[in-house]
Amino acid sequence: MEAQKVDMFLMSNGKFFESHQMNTVRERLIALDDSKWAMISTIQFKDPTTSLIVSILAGSLGIDRFIIGDSGLGIGKLLTCGGFGIWTIVDWFLISKATREKNMQSLQQFLY
Amino acid sequence: MALSRNNLYSILLAASVAGYIWLYYCITSNLSENKTVEVCLIKHATNLPCPSCGSTRSIISITKGNFIEALDLNPIGYVIALIMLIAPVWIIVDLISRNNALFLFFQKIETFIKKPKYAIPLILLVIINWIWNIRKGL
């Protein structure tokens with residue numbers, strides 16, 4: 001793909017990924033076939049800020065984990081009152097990273 | 001899937017061990033003081049019980065054989081008791097036989113409950129349980 005397109009994609013979607021993944025994503029996107037651009041530009045990514053807000057407000061019910069697609073862990077959180085309150089607090093700090101990793105996974109389906 | 005087999009197993013094992021320690025602590029301190037320490041963030045913040053409040057008391061009732069009292073306190077206690085009984089055994093069997101049956105089962109359940117026709121009734125059940133908990137004033 002053209003470098004210009006790839007840079008445009010990275011500029012508008014940069015906040016959805018970890019900073020150390022950006023270089024790989026850029027190289028992969030440049031090597032990718034042009035026909036996949038339509039698919040890649042329409043992927044819906046999850047916002048780490050949203051999941052952080054949800055985690056602070058409703059983390060004890062595990063809704064943050066349900067939102068990013070970790071239903072199993074979400075049930076675990078829901079059943080144990082947010083992991084006795086400890087897991088809730090731990091997730092306030094981990095949920096942004098987990099969201100970015102989930103985004104990377106949904107992009108990876110198209111990259112490889 | 002982000003969660004690898006070993007990650008899932010260590011999380012589950014740690015959770016069950018923590019659960020057993022918590023249960024032991026509650027049962028032993030319950031005999032002397034007749035009062036358990038409340039850890040629920042929601043209950044501390046809003047003074048209202050959360051959907052799974054009372055599950056410790058429910059499990060304690062199950063261990064004493066009062067099954068109806070346990071159901072009356074919080075039905076989620078039965079779910080947690082089942083997971084706590086089955087998960088460690090299954091994990092150990094899997095680790096010994098170098099299998100990943102529990103991991104596959106977990107993934108199957110995860111895709112299963114993401115479907116709206118199963119998710120919506122389950123969410124409704126949790127909400128009904130929550131309303132019941134608030135009315136009981138746990």
>> Which one wins on heavy-atom pair count under 4.5 Å against chain B: A:G69, A:G59, A:A98?
In response: A:G69
> Just wondering, more than 12 heavy atoms not from B:I68 lying within 6.0 Å of its CD1?
Replying inline: no
>> Please find the pair of heavy atoms, one from B:S52 and one from A:C81, that lie closest to each other, and give the distance.
In response: OG-N, 3.1 Å
>> For B:E110 versus A:S71, what's the shortest heavy-atom pair and its separation?
In response: OE2-N, 3.3 Å
> Out of A:I75, A:I86, A:L73, which one racks up the most heavy-atom pairs below 4.5 Å with chain B?
Replying inline: A:L73
> Counting only heavy atoms not in A:K97, do more than 12 fall under 6.0 Å of its NZ?
Replying inline: no
> Passes side-chain contact (heavy atoms from CB on, under 4.5 Å), B:I123 versus A:F66? Steps please.
Replying inline: CA-CA 12 Å; B:I123 293 170; A:F66 283 117; over 6 Å; no
>> Would you say OH of B:Y20 has more than 12 non-hydrogen atoms from neighbouring residues, nucleotides or ligands within 6.0 angstrom?
In response: yes
> Under a single-linkage definition using a 4.5 Å side-chain heavy-atom cutoff for Ile, Leu, Val, Met, Phe, Trp and Tyr, are A:I43 and A:M104 assigned to the same hydrophobic cluster?
Replying inline: yes
> Can you check side-chain contact (heavy atoms from CB on, under 4.5 Å) on A:L79 and B:I83, steps first, answer last?
Replying inline: CA-CA 10 Å; A:L79 289 185; B:I83 293 174; 3.9 Å; yes
>> Tell me whether A:F110 at atom CZ has more than 12 heavy atoms from other residues, nucleotides or ligands lying less than 6.0 Å away.
In response: yes
> With only heavy atoms counted, which part of B:I109 is less than 4.5 Å from chain A, the side chain, the backbone, both or neither?
Replying inline: neither
>> Which atoms of A:L78 are under 4.5 Å from chain B, going by heavy atoms: the side chain, the backbone, both sets, or neither?
In response: both
>> Between B:F67 and B:L71, is there shared hydrophobic-cluster membership here, with clusters defined by ILVMFWY side-chain heavy atoms closer than 4.5 Å?
In response: yes
> B:W130 versus A:L61: any side-chain heavy-atom pair under 4.5 Å?
Replying inline: yes
>> For residues A:I89 and A:I68: do they belong to one hydrophobic cluster (side chain heavy atoms under 4.5 Å, members Ile, Leu, Val, Met, Phe, Trp, Tyr)?
In response: yes
